[in-house]
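Note sheet for the following structure.
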Amino acid sequence: MPELPEVETTMRGVKPHIIEQKITDVIVRHPRLRWPVPPDLKQHLVGQVLHKLSRRNKYLLFHFANGTLILHLGMSGRLRVLAENAPANKHDHVDICFGKHKYLRFTDPRRFGALLWTSEDPALHPLLADIGPEPLTNAFNGDYLWECARGRKVPVKSFIMDGKIVAGVGNIYATEALFQVRIRPSQPAGKVSRVHYQALAEAIKKVLRQAIEKGGTTLKDYTQSDGKPGYFRIELQAYGHDGEPCPRCKTTLKTMRIGQRSSVYCPHCQR
DNA sequence: AGAGGTACCTGGCAGC
DNA sequence: TGCTGCCAGGTACCTC
């Protein structure tokens, strides 16, 4: 998916078009996403004005007077604002219409995405209640990571990809941050030093900030909300470079599987 | 409680 | 050309 930078980029791209706009229709073509789209979603939304759009973890939150739409892009999800009601393609599952010339279209080939409704405080929703700090806040730092890691035996890569520890760090940026600070992804989380965690936290912040600035990473399915590709891929040094020479030491980069995810690393630099 | 594996789903690609 | 198997940005949920 879209990792955090892609979700953030999507939010920023879509927001100016739909904020303070009134929903006039909701078209659900394929309700079977990760969880079924609530059958009464349309009743909740039509006539409501979008007051606020925010992001928590990789969830987008559309705030209305009567509740909140929680949207996740899953692995392959995408949101675009269309000015015309272009014919829907196979994977265009949901349209949220803001008048006749503004369609927020949710597209998701793999259907791991989700649209949910809550009339409670969304921060208390089961999907969001146990999420760790946002990585770009001061609450997330090396000391925090080190504290959380006491006694943990999971590989450090799985640890930083655990949303309960820190929100929004996915496979690409976890791989990249660990490469930058020369920590082997398989290293047990509890064995990584405080100093290394301080470097790691900074690397995570840096790589996420850069990716957001560049408009997200271009991967197979990802484009920004205006259809332009993200431009970050060219700057990734480890992810996607298995078999190529390490940019630091020229040792051939290798891949290992950690938690069923592929992890590229340098066998020489990353200890 | 923590660790590890499975499941959800489609499409693209390598290899035969 | 066509089949098979594997891989892909996520993460809730299950078992041990």
Side-chain angles (χ1 to χ4, degrees), chain A residues 1-11 29-37 55-60 70-79 89-94 106-116 125-132 135 148-178 185-191 204 207-208 211-212 214-225 229-233 235-236 238-243 255-264:
Chain A
M1 141 180 168
E3 293 199 22
L4 184 149
E6 290 73 18
V7 179
E8 181 71 24
T9 300
T10 296
M11 185 183 76
R29 300 187 189 82
H30 198 144
R32 294 197 52 190
L33 301 178
R34 169 151 205 170
W35 296 283
V37 176
R55 178 189 61 73
R56 174 73 173 115
N57 195 13
K58 294 166 194 164
Y59 294 90
L60 287 177
I70 302 174
L71 187 150
H72 197 291
L73 297 173
M75 274 301 229
S76 56
R78 190 180 154 192
L79 276 181
N89 293 315
K90 189 176 175 187
H91 303 298
D92 295 338
H93 305 315
V94 179
F106 176 73
T107 306
D108 184 11
R110 290 177 72 180
R111 291 196 271 122
F112 288 166
L115 276 82
L116 298 170
H125 191 278
L127 290 172
L128 298 173
D130 299 326
I131 296 297
C148 291
R150 293 309 82 215
R152 296 291 304 268
K153 290 173 182 167
V154 274
V156 61
K157 176 156 175 276
S158 306
F159 178 69
I160 58 172
M161 288 175 67
D162 180 349
K164 293 182 174 57
I165 302 298
V166 53
V169 179
N171 199 36
I172 296 179
Y173 301 112
T175 297
E176 213 54 26
L178 288 165
S186 53
Q187 176 86 237
K191 295 276 174 72
I204 289 169
V207 73
L208 292 177
I212 291 168
K214 304 267 177 178
T217 297
T218 298
L219 287 162
K220 272 200 280 283
D221 304 327
Y222 183 71
T223 49
Q224 297 187 60
S225 56
Y231 294 106
F232 189 65
R233 175 114 196 228
E235 297 190 13
L236 295 174
Y239 183 90
H241 294 284
D242 180 39
T255 293
M256 65 169 111
R257 305 266 325 161
I258 293 175
Q260 285 76 243
R261 312 299 296 279
S262 71
S263 306
V264 181

Can you give one letter per nucleotide of nucleotides 4-9 of chain B, 5' to 3': B if a protein heavy atom sits under 4.0 Å from the base, S if only from the sugar-phosphate, - if neither?
SBB-BB

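Rounded to the nearest 0.5 Å, atoms CH2 (A/Trp35) and CG (A/Leu127) are 4.5 Å apart. Taken from CG in A/Asp130 to NE2 in A/His125, the straight-line distance is 12.0 Å, to the nearest 0.5 Å.
The P atoms of C/dC7 and B/dG5 are separated by 15 Å, rounded to the nearest whole Å.
Straight-line distance from the CD atom of A/Glu6 to the P atom of C/dG10: 9 Å, rounded to whole Å. Atom-to-atom, CG of A/Asp92 to C1' of B/dT10 comes out at 14 Å; the value is rounded to the nearest Å. Following rounding to the nearest Å, A/His72 (NE2) and C/dG10 (P) show an atom-to-atom distance of 8 Å. Taking atom CZ of A/Arg78 as the reference point, atom P of B/dT10 lies 19 Å away to the nearest angstrom. Per the geometry, CG belonging to A/Leu33 stands 18 Å off P belonging to C/dG10, to the nearest Å. Per the geometry, NE2 belonging to A/His91 stands 20 Å off P belonging to C/dA8, to the nearest Å. At whole-Å resolution of the value, CE in A/Met161 and C1' in C/dG10 are 8 Å apart. Distance A/Arg150 CZ to B/dG2 C1': 16 Å, rounded to the nearest Å.
With pairs defined as Watson-Crick or G-U wobble and both atom distances under 3.5 Å, the stems of at least three pairs that touch DNA chain B come out as B:2-8 with C:10-16, B:10-16 with C:2-8.
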Yes or no on side chain to side chain contact (heavy atoms under 4.5 Å, CB included) for A/Leu4 and A/Tyr173, after CA distance, side-chain angles and deciding distance?
CA-CA 9 Å; A/Leu4 184 149; A/Tyr173 301 112; over 6 Å; no

If you apply the rule side chain to side chain contact (heavy atoms under 4.5 Å, CB included), what do you find for A/Arg34 with A/His72, and how did you get there?
CA-CA 9 Å; A/Arg34 169 151 205 170; A/His72 197 291; over 6 Å; no

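A/Met75 and A/Phe112 make their closest contact through CG-CD1, 3.4 Å (heavy atoms, listed as atom of the first residue, atom of the second, distance). The two atoms that bring A/Asp108 and A/Gly77 nearest to each other are OD1-N, 3.4 Å, heavy atoms only.
Using a distance-only test at 3.5 Å, with no hydrogens or angles considered, no donor-acceptor pair links the side chain of A/Arg111 to the main chain of A/His30.
For A/Ser262, a side-chain nitrogen or oxygen approaches OP1 or OP2 of C/dA8 to under 4.0 Å.
Between A/His93 and A/Phe106, the ring planes lie tilted relative to each other; the angle falls in the 30° to 60° range.
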Please output the side-chain donor-acceptor pairs of residues 148-160 of chain A that fall under 3.5 Å, not counting sequence neighbours, one pair per line with the distance.
from	atom 1	to	atom 2	distance (Å)
A/Arg150	NE	A/Trp146	O	2.9
A/Arg150	NH2	A/Trp146	O	3.4
A/Lys157	NZ	A/Asn171	OD1	2.6
A/Lys157	NZ	A/Ser263	OG	2.7

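When heavy atoms are screened at a 4.0 angstrom cut-off, A/Arg261 is found touching base atoms of the nucleic acid. Counting any heavy atom pair closer than 4.0 Å across all strands shown, A/Phe159 reaches no nucleic acid atom.
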